[in-house]
Every structure is written in C-alpha cells, then in structure tokens.
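All residue numbers in this chain count up from 1 along the given sequence. Note: hydrogens, waters and symmetry copies are ignored here, and every other heavy atom, side chains too, is used.
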Amino acid sequence: MLKFSIKEEFNGCPCTGVNLEKLIRPAILTLLVDDEEVHGYSIVQKLQETCMFQGKKPDPSGVYRCLKQMEQSGHVTAVWDVSNPGPAKRLYKITDDGLECLKTWINTLEDYHHSLGMFLSFAKSTVSNRDKPEMPCKPK
C-alpha cells in the first residue's frame with residue numbers, strides 16, 4: 001500500500017481522518033444492534049474499541065449530542081435508569097427506524113467504498129506521475 005508522509009502542521013486537519021464526525025452515527029447504531037439498552041458512557045467506551053477510532057477516545061460530548069439528535073429523529077430511544085445509586089443515567093436502545101437507517105448507511109458506505117477505491121487509484125497515479133522527473137528529450 002502506498003503511504004505518503006504527513007507534515008506536522010496537518011495534525012488535526014480533516015485530511016488525516018481524525019474527525020469523521022458523520023460516521024459516528026452508523027458506528028453508534030451498529031453498537032446498539034446487539035445490546036438491549038446501553039448507557040451513554042458505555043457507548044463512548046465501546047466506540048474507542050472499534051477499528052474506526054483505533055483506540056482513541058471519541059469526544060464524549062459529541063457522542064451525547066449525536067445520541068440526542070438520533071433520539072429526536074426516532075433512531076434510538078432513551079429511558080432514565082434510576083435503579084442504581086447515584087445520579088440517574090440514560091439507557092439507549094436502537095429502534096426499528098434506527099435499524100433501517102443503519103441498513104441505509106451500509107448501502108451508502110458500500111457505494112462510498114467503491115467510489116473511494118476508484119478515486120484513490122486516480123489520486124495515487126496523479127501524484128506518482130507528478131513526482132516523476134520529466135523524461136529528457138530524445139536527441140534527433
């Protein structure tokens with residue numbers, strides 16, 4: 001696989017893939033498919049363990065914001081868990097609409113995967129051709 005070096009000043013730039021904010025939704029929905037109900041903090045921890053985050057902890061406030069938006073759109077439900085001592089916590093569960101949304105994400109990501117593969121081939125060949133020295137003129 002061809003890898004290019006990354007300049008230090010690009011750390012944190014979207015080009016590094018450090019923030020794939022839109023992909024947090026399908027990641028959360030995927031985690032919720034197998035679980036009955038999950039606390040928000042458990043979702044944050046499980047996201048960190050996914051290949052998408054490669055061991056880096058996602059921004060908890062961003063995850064909670066996304067959960068709230070998905071609750072408002074009907075993709076997850078949330079109930080207060082007051083069964084344990086301490087502050088009440090929200091328990092999240094995927095809905096049927098959320099499952100359908102995840103299926104749509106899967107189709108969309110498959111299409112992106114195909115398009116990205118074609119784009120990567122084009123971009124790599126363009127960069128490789130640019131980095132090659134020009135062929136000297138042949139003597140006549």
Interatomic spacing from [atom1] in [X] to [atom2] in [Y] - rounded to 0.5 Å:
X	Y	atom1	atom2	value
L32	S42	CG	OG	10.5 Å
T77	M70	OG1	CE	11.0 Å
I28	C66	CD1	SG	4.0 Å
R25	S73	CZ	OG	6.0 Å

Could you report the tightest heavy-atom contact between [X] and [Y], atom names first, then the distance?
X	Y	result
V63	P58	CG2-CB, 4.1 Å
L29	C101	CD1-SG, 4.0 Å
K57	P60	CE-CG, 3.9 Å
G40	L67	CA-CD1, 4.3 Å
T30	P26	OG1-O, 2.7 Å

Heavy-atom check, side chain of [X] versus side chain of [Y], under 4.5 Å:
X	Y	answer
Q69	H75	no
Y41	Y64	yes
Y92	I43	yes
E37	V79	yes
L91	W80	no
V76	K93	no
L47	I24	yes
L31	T50	yes

Taking a hydrophobic cluster as the set of Ile, Leu, Val, Met, Phe, Trp and Tyr residues connected by side-chain heavy atoms closer than 4.5 Å, whether directly or through intermediates, do [X] and [Y] fall within one such cluster?
X	Y	answer
W105	V33	yes
V44	L23	yes
L99	V38	yes
L109	F53	yes

_For D81 and S83, which I'm curious about, is there any donor-acceptor pair between the side chains at under 3.5 Å?_
yes
*asked:* Less than 4.0 angstrom from a charged side-chain N to a carboxylate O is my criterion; do E100 and K103 meet it?
replied: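 Yes, this pair counts.
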_Heavy-atom neighbours of Q72 CD exceed 12 at 6.0 Å_ =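 Count over threshold, so yes.
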*So does N107 have more than 12 non-hydrogen atoms from other groups sitting under 6.0 Å from CG?*
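Enclosed: over 12 neighbouring heavy atoms sit under 6.0 Å from CG of N107.
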